[in-house]
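A note on names: the letters A, B, ... follow the listed sequences, proteins ahead of strands, and every chain is numbered from 1.
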Amino acid sequence: MKWLRTTALTAALAFGSVTTAATADEIKIGLLQDFTAVYTFLTGEYNQGQQDYLTLINEEGGIDGNTFTAIVRDTGNQPQRGIEAYNRAKEEGAVLFDFLSTPVSAAILDQADADKRVVITPVHGRGDASDGTVFPYIFPMMATYWAQAANLIEFMKTNEGGLEGKKIAIVHIDSPFGKEPLPILDALAAQEKFEYKAFPYASPGNEQSAAWSEVRRYQPDFVMIWGAGGGQAVSVKTAIQNGIKPEQIHSVIWLAETDAANVGPMMKGVKRFEATASGLDHPIIQRIQEKVITPGKGAGDAKNVGTSYYNLGVATMAVSVEAARLGLEGGGPLDGDKLKAGFEKIAGYDAEGLMPAITITAEDHQGGGAGRVSEWDGEKWAPVSDWHAAYPELIRKTIEDSAAKYKEGH
Amino acid sequence: MFYRLSGVYQTNYAADRKLWKIPADRWQVIAVLVLALMAPLYVSPLYLGSYVLPWVIWSAAALSLTLLMGMAGQLHFGFAAVMAIGAYSSIHLVRAGIPFEIALILSGVVSAVIGTLFGGAALRVKGLYLVMATLAMQYLVDWVVVNVPWISGGAHATLRTPAVNFLVMPIDSLAARYWLALGWAVLITLFFLNVKRTSFGRALVAIRDKDFAAAVIGVDPFRTKLAAFFTSSFLGGVTGAILAFCYYRAVTPEQFGFNVSIQLVAMVLVGGLGSVIGSYLGAGFVLLAPIFLTNAISSLAAAGWVPVSQNFLSHLPLIIYGAMIIGFLLFEPLGLAKIYDNIRKYFLVWPFRHAKS
């Protein structure tokens with residue numbers, strides 16, 4: 001019966017410590033993501049960053065004694081599994097969700113609004129969810145795909161010799177995600193007097209030579225690549241085989257260290273959009289190294305720490321924890337409404353320099369949409385522009401138009 | 001003892017024509033039906049909305065497919081595309097102002113017409129070649145849905161289902177959505193059980209077993225094959241519409257991708273080709289086993305029993321799931337329906353050993 005006494009004692013101690021902290025609570029976050037199907041190129045590192053950041057906050061004593069618990073489940077990118085995982089986590093008391101999957105998010109958006117649970121869709125998902133008046137509980141909270149496209153275009157304009165009379169080829173995966181930047185390019189082509197042409201390739205993009213030989217004939221000045229996962233390395237390789245210089249290639253956010261390793265030395269000079277800084281040289285990442293990784297409490301392989309997607313995951317949780325902190329200012333326990341209010345109070349938060357300063361309001365759930373361009377220098381992604389938001393009025397107008405259509409039922 | 005008889009011995013034609021010939025079977029079916037109807041009263045919203053409701057709808061989908069694959073013997077690897085056509089047509093029809101009940105039937109007709117068009121390939125090719133033709137349908141429909149904004153709904157390609165009434169019942173609460181889906185599943189089940197004993201059903205079976213032999217005895221393969229595709233696609237289209245309105249309520253192209261077609265084929269095969277109970281068991285297995293396994297392994301991991309990386313942890317349920325499918329098929333190649341049948345036959349004559357079926 002010794003074990004029984006030990007258990008009872010531990011339980012008593014645990015409960016005792018809870019009662020002494022008075023309002024201390026366990027804040028549950030549902031990280032119900034796709035570890036096994038389509039988003040695998042990203043989920044491992046991203047989720048590891050999220051879990052490690054939550055561990056760091058708990059190690060540092062939580063927020064006023066409130067600790068964070070991650071509910072991690074694989075949804076395999078299947079909506080029905082996502083719905084099950086969401087409903088279950090909701091019963092367990094989760095107040096914040098990150099699905100990192102377009103079909104799963106689409107199937108849950110309305111339900112989450114009805115249930116008053118916060119869903120974050122950082123750098124992915126519907127751009128128009130940035131309109132807080134139509135999507136009250138959805139927070140893209142970082143640059144949407146539209147803002148990313150605008151940022152790359154502005155970089156070409158200001159840093160690479162202007163756009164007037166230039167030709168841009170956009171080579172994209174043939175899916176709703178791949179077509180995302182096209183309306184922005186339509187608007188900007190008229191405004192900045194350049195021409196562009198879209199070259200789709202079939203999903204998943206293991207073979208793109210047909211698209212790229214047409215790009216070669218088009219003789220573009222700049223090339224944008226818009227895909228994700230294994231197809232991205234294929235894009236870069238096939239582009240270079242077709243005489244495109246690496247310096248001409250500009251990518252959506254989904255291009256990281258792994259892709260650079262797959263492409264090899266010829267990757268040097270390729271540029272991409274980034275919403276968070278990569279590398280280890282940031283105060284938060286340093287603290288994670290010291291308090292989470294070194295004591296062996298990390299959620300995964302220590303060599304992933306500091307990769308682009310790991311840092312992205314850390315940043316998403318940094319913003320969420322900041323929102324929880326602001327939401328708890330009026331007293332706990334934290335629920336969906338308080339968390340939403342917390343998000344909308346975030347002003348000028350930059351996760352100690354890991355990301356651009358974001359300000360989220362009740363109308364703007366994107367937080368400004370800032371980002372920057374970085375270049376692969378052979379070893380790491382080196383920033384070549386400063387954090388800033390490109391064409392904010394145009395992006396806002398696109399968001400509002402699309403959100404208005406959604407409101408009508410589309 | 002349990003079934004109160006020693007075999008199946010009818011003494012008149014009426015008894016022989018009954019759907020469930022043994023009273024005990026009949027009582028079981030009635031009990032299951034009553035339990036299913038009352039489910040919203042005693043099943044928690046979590047289990048009703050995430051387990052029972054999708055199970056009922058996917059069973060209806062598996063039944064629609066098994067009519068074609070199990071009864072008529074025509075392989076179809078693009079059935080998710082058939083459902084997609086039904087889902088998208090129903091939403092656009094309701095938006096155009098057509099009452100929901102009629103939109104359901106019309107969406108079935110649209111699916112049936114397009115499905116039959118591709119089914120026409122079955123007139124010339126069989127087996128693996130027919131698989132290729134239906135795969136082509138899957139990819140063509142996918143491509144059209146993604147590339148025609150008028151169908152997919154423009155930005156982000158998400159279409160929300162409008163609020164609708166079915167007869168007088170508003171389809172918004174979970175219970176209402178469940179009852180509508182259950183009603184459709186029951187209807188398909190009754191249709192399937194009855195079609196087996198019509199001349200059309202017997203023609204399908206004849207075509208499955210040998211199409212030129214069927215032609216010799218007077219079954220027109222041309223008409224029968226097209227009718228098989230038409231019927232199955234009609235049922236699949238309406239099921240797609242039910243799936244959209246009762247379960248997802250927001251439709252995106254990814255919900256009807258190639259992997260969904262494969263899942264449907266798996267449901268039909270694991271359950272047992274051409275079997276009603278098999279469609280229910282197969283759909284339940286393919287749909288719910290991964291969820292149960294993921295939850296079980298995650299809670300084991302949370303208790304510290306599985307000290308492996310998150311990545312491996314996520315793949316572990318898939319490994320077990322794969323092993324289970326192979327295990328079931330090795331143990332009983334005729335599927336879960338046959339396992340059920342074996343158990344039933346055992347209890348039919350228990351405590352004696354051998355049953356006459």
Taking atom types as modelled, find out whether B/T294 and A/R81 have a side-chain donor-acceptor pair closer than 3.5 angstrom. yes
Less than 4.5 Å apart, any side-chain heavy atom of A/V72 and any of B/S298? no
Tell me, side chain or backbone of B/L287 under 4.5 Å from chain A's heavy atoms, or both, or neither? side chain
Contacting moiety of B/L318, where chain A heavy atoms sit under 4.5 Å: side chain
Roughly how far, to the nearest 0.5 Å, is OG1 of B/T158 from OH of A/Y406? 7.5 Å
Which bit of B/Y139 is near chain A, if near means a heavy-atom gap under 4.5 Å: side chain, backbone, both or neither? neither
Under 4.5 Å heavy-atom distance to chain B, tell me which part of A/Q111 shows up: side chain, backbone, both or neither. side chain
Let me know if A/K90 has heavy atoms under 4.5 Å from chain B in its side chain, its backbone, both or neither. neither
Does atom CH2 (B/W55) have a neighbourhood of more than 12 heavy atoms from anything else shown, all under 6.0 Å? no
Would you mind checking which part of B/P317 comes under 4.5 Å of any heavy atom in chain A, side chain (CB onward), backbone (N, CA, C, O), both or neither? neither
When rounded to the nearest 0.5 Å, the distance separating CG of A/D74 from CG of B/L293 is 11.5 Å
Measure distances from A/E91 to the heavy atoms of chain B and classify the residue's part below 4.5 Å as side chain, backbone, both or neither. side chain
Can you tell if the side chain of B/Y248 reaches within under 4.5 Å of the side chain of A/I83, non-hydrogen atoms only? yes
Answer whether the closest heavy-atom distance between the side chains of B/N147 and A/K179 falls below 4.5 Å. yes
4.5 Å side-chain heavy-atom contact, A/R73 and B/N295: yes
Within a reach of under 6.0 Å around CE of B/M169, are more than 12 heavy atoms found that belong to other residues, nucleotides or ligands? yes
Considering non-hydrogen atoms only, spot the tightest contact between B/V146 and A/P176 and give its length. CG1-CD, 3.9 Å
Under a 4.5 Å cut-off applied to non-hydrogen side-chain atoms, are B/Q255 and A/Q80 in contact? no
With only heavy atoms counted, which part of B/D142 is less than 4.5 Å from chain A, the side chain, the backbone, both or neither? neither
Looking only at heavy atoms, the pair that brings B/Y51 and A/R88 closest together is OH-NH2, 2.9 Å
Any chance the side chains of B/N259 and A/Q78 put a donor and an acceptor closer than 3.5 Å? no
Identify whether the distance between the nearest side-chain nitrogen and carboxylate oxygen of B/R160 and A/D110 falls below 4.0 Å. yes
From the list A/T40, A/D34, A/N47, A/T36, side chain to side chain contact (heavy atoms under 4.5 Å, CB included) with B/S314 holds only for A/T36
Residue among A/P79, A/G44, A/A107, A/A106 with most heavy-atom pairs under 4.5 Å to chain B: A/P79
